[in-house]
Amino acid sequence: MPRNHMLEINNLHARIGDATILNGVTLSIGAGEVHAIMGPNGSGKSTLAQVIAGHSDYEVVDGSVSFFGEDMLQLEPEERAQRGFFLGFQYPVEIAGVNNAYLLKAALNAKRSYLGETEVDAFEFLKLAKEKMKLLDMDPSFLNRGVNEGFSGGEKKRNEILQMAVLEPNLAFLDETDSGLDIDALKSVANGVNALRSKERAIVLVTHYQRLLDYIKPDFVHVLSNGKIVRSGDYMLAEELENKGYDWLREVSTG
Amino acid sequence: MTTHEFDQAVFQKCVASIPDSALSAVRHAAAAEFGQSGFPTTRHEDWRYTNLAPAIAIQQKSLLERERGDRQLNPVDVIDIVEACWIRFDDGEFSFPLNDLPPGVTINRLADSEQASVIDVKNSLSQINAALLRDALHVTIAAGVTIDRPIGLLFAEHSESPALANHARVIISVEKDASVQILEAQLSSGGGDVYINTVTQLLLANNANVNYVRLQDCADHHVQTNRLIANIGSRAKLTHLAFDLGAQLARNDVEVALNDSDASVTLNGLYLADGAQHIDNHTRVDHAAGPSFSEELYRGILNGKSRCVFNGKAVVHEGADGTDAAQANHNLLLSDDAEVDTKPELEIYADDVKCSHGATVGQLDANALFYLRTRGLDEETAKHAITKAFAAEIVETIAPSQIHDYIQSRVDAKLDQLTAKNQ
Ligand SMILES: Nc1ncnc2c1ncn2[C@@H]1O[C@H](COP(=O)(O)OP(=O)(O)O)[C@@H](O)[C@H]1O
Ligand SMILES: [Mg+2]
């Protein structure tokens, strides 16, 4: 029986300027699944994430992406978000002067109004935000700061997870959310992700390290190399990569 | 159009037709000077980027068709929103609550006082302004008094006449140790073409404190020029916050003289332009004594084919030792067709002076915009949030108050327009 796929990436080719970065990515992600995408630096993991999120600097030259059966590439970035796609950025953007609480509330209400739900008021929002911050061990004072403004690397990553926790997306694509985190921060992030896990939702973890996967056990592991998935497997593949590195796969892919 | 097309003969006849008053001598002298100088042209260094042709055309027509149609006052929101002692100029005609002035405030009409010589006529726009005055107001804040209720100055144009030019003059003397907050609102409605030329003179005696917020949000077919001349005494402080949102063509000249030691001035400004708007802010601070302090921050957001000019000049004169002067101007261009000319200038003839100046012109941060959109905010909302944060650096220099909230709402409305999709 084919799985019921939430996200279908088929033969995706994308470039930025003259550089072709994705060379035919094919990947299916079903509800309830956790996928890990691993791969050497520069292999195109962030590019894949940005293309799926709708960054206009990247040009899709071939292939398709569908989300709940809808052609995702035709949608604006905000429409993708409103339909339940969430990207945790590898490098979250600092936006001076735009209040963190404002963004969270506006984002939540954008999604709710797309779904035909009533918007949350300031009181309900604050209650929800504080609850989620507790889960992530975040100080409520972060709500009143500019979006990622002056945040440390770890604080930015926690803030991404906070946004995810508030938005409760159908599909969370987390791009190296674990990099640069100390063990406590890593545990908070893992808590946030595990709290989101459910039969209806899917999670994609882009990571370099087995470390995160000890806390969030993936159902599938993929290796991206030169803009292509060169190997897929289960959790055992992650362990194999941890022991052997990527070189053995590069050889496979080129020859 | 050049000054040659302005009919000086009609102008002089019009000046002569204004009834005699205590202002007559000043008016006739100003008219004679304006006869020589005329309107500034783009050949003047200070007017290189700003062509007053639309103002001249309206002025000319207004002089020829002096019959004013039936006048009807449109509602003006600020009166209901900000509690203040409102002094109104409706289509140039003033009114004020003579019996309800806050203690310490007096208002004199210059047409029947002996104070006409205080009227400044140093540049040509001040000259035509003075020449055509039927009256002018002199507001005095008594020594030592802190006025709790803001003084409101409303310049409201309602005209449906084909062309109307108005010249208004207010002189505000703040005596020593007095403190006052002033909100000036320059608003217009009505279908007629309007040119409004206002001159405000501010005199701050020793240790006086003035917080002056100015909003210009005229209809987008109107033209306005404004000149503020401020003289600041020892230990006195002027904070001037200028918001330019409206008008087809707006030119503001702010001239501040720091005449004594420890005089200080803060000049902040925000201009938001779209369509074919042209907004020009010229400021000049003269540090005549030291130490004295000036800081200036203007920010602008431009869209469409708008054009803005910023020229901020600080002159630190000989002997003004120990002075601090800082100027900055930052601009955000939302379209490729918008244009800004910015020039902070410093001239220093004193010792031990701390000066800085800088200007930037940039675009909306594409990464910030994308980030917000990936969270579900549509493009307009995301742009509004980013531009609002940019504008907040100026808006938030107004202390929490009705004035703050009123300005914020006007700025928000303009930002909505600026970030709308079809721009
Ligand atoms: N703006 C850009 N212009 C040209 N090349 C780029 C740009 N951004 C990324 N790349 C290149 O694309 C490749 C993939 O980058 P990226 O997707 O960030 O890899 P990963 O996330 O797997 O480390 C790299 O070789 C990188 O240098
Ligand atoms: Mg990356």
Side-chain angles (χ1 to χ4, degrees), chain A residues 49-58 75-115 119 145-149 156 159-160 162-164 166-169 172-173 175, chain B residues 268 270 272 297-301 328 330-332 334-336 358 360 362-398 400 404-405 407-409 411-412 415-416 418-423:
Chain A
Q50 298 280 324
V51 169
I52 298 173
H55 198 300
S56 59
D57 283 357
Y58 298 91
L75 300 174
E76 299 294 337
E78 59 270 29
E79 295 173 320
R80 303 178 193 202
Q82 289 157 10
R83 283 158 176 73
F85 175 76
F86 178 85
L87 171 61
F89 281 59
Q90 182 176 3
Y91 303 109
V93 182
E94 294 199 25
I95 311 177
V98 175
N99 189 271
N100 222 9
Y102 162 81
L103 170 57
L104 280 170
K105 183 162 172 264
L108 179 61
N109 282 332
K111 183 182 173 189
R112 291 181 67 93
S113 82
Y114 168 75
L115 295 174
E119 300 198 345
R145 291 178 51 183
V147 175
N148 297 318
E149 193 179 356
K156 284 181 184 167
N159 203 35
E160 295 291 285
L162 172 64
Q163 294 174 5
M164 180 191 78
V166 168
L167 292 173
E168 301 185 322
F173 199 118
D175 191 359
Chain B
N268 289 348
L270 176 71
L272 305 177
L297 175 62
Y298 271 67
R299 288 190 162 220
I301 307 175
H330 301 297
N331 299 280
L332 205 50
L334 304 184
S335 91
D336 294 338
T360 59
Q363 271 107 38
L364 209 64
D365 179 352
N367 286 325
L369 187 60
F370 177 62
Y371 186 81
L372 295 180
R373 294 180 70 190
T374 64
R375 272 43 184 154
L377 278 62
D378 63 43
E379 192 174 352
E380 294 162 50
T381 308
K383 279 186 180 171
H384 186 108
I386 298 170
T387 53
K388 184 173 177 171
F390 184 86
E393 298 282 323
I394 305 299
V395 175
E396 296 313 320
T397 60
I398 312 174
H404 170 277
D405 297 348
I407 298 285
Q408 179 74 71
S409 72
V411 165
D412 271 342
L415 286 177
D416 276 341
L418 227 56
T419 54
K421 253 214 177 83
N422 55 4
Q423 269 282 331

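Chain letters run A, B, ... following the sequence lines, proteins first, then strands; residues in each count from 1.
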Given a strict heavy-atom distance threshold of 4.5 Å, which part of [X] is in contact with chain B: side chain, backbone, both, or neither?
X      : result
A:A106 : both
A:Y102 : side chain
A:P92  : both
A:Q50  : both

Check your understanding: Yes or no on side-chain contact (heavy atoms from CB on, under 4.5 Å) for A:I95 and B:D365, after CA distance, side-chain angles and deciding distance?
Key -> CA-CA 9 Å; A:I95 311 177; B:D365 179 352; over 6 Å; no
Check your understanding: Of the listed residues (B:R373, B:K388, B:E396, B:E393), which shares the most heavy-atom pairs with chain A below a 4.5 Å separation?
Key ->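 Looking at each option in turn, the highest pair count goes to B:R373.
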If you count heavy-atom pairs under 4.5 Å between each of [options] and chain B, which one has the most?
options                     : answer
A:A81, A:A110, A:G146       : A:A81
A:K111, A:E78, A:R83, A:E94 : A:E78
A:F89, A:F86, A:F85         : A:F89
A:R80, A:Q82, A:E160        : A:E160

Review point. In Å and rounded to the nearest 0.5 Å, what is the CD to CD distance from A:E76 to B:E379?
Key: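 Atom-to-atom, A:E76:CD and B:E379:CD are 7.0 Å apart.
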Show the nearest heavy-atom pair for residues [X] and [Y], with the distance to one decimal.
X      : Y      : result
B:R375 : A:L103 : CB-CD1, 4.0 Å
A:A96  : B:A389 : O-CB, 3.5 Å
B:A385 : A:V98  : O-CG2, 3.4 Å

Review point. Does the side chain of B:Y371 come under 3.5 Å of the side chain of A:N148 through a donor N or O and an acceptor N or O?
Key: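 Result is yes, a qualifying pair exists.
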Review point. By a 4.5 Å heavy-atom criterion (distance strictly below it), what part of B:A368 contacts chain A: side chain, backbone, both, or neither?
Key: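 The answer is both parts of B:A368.
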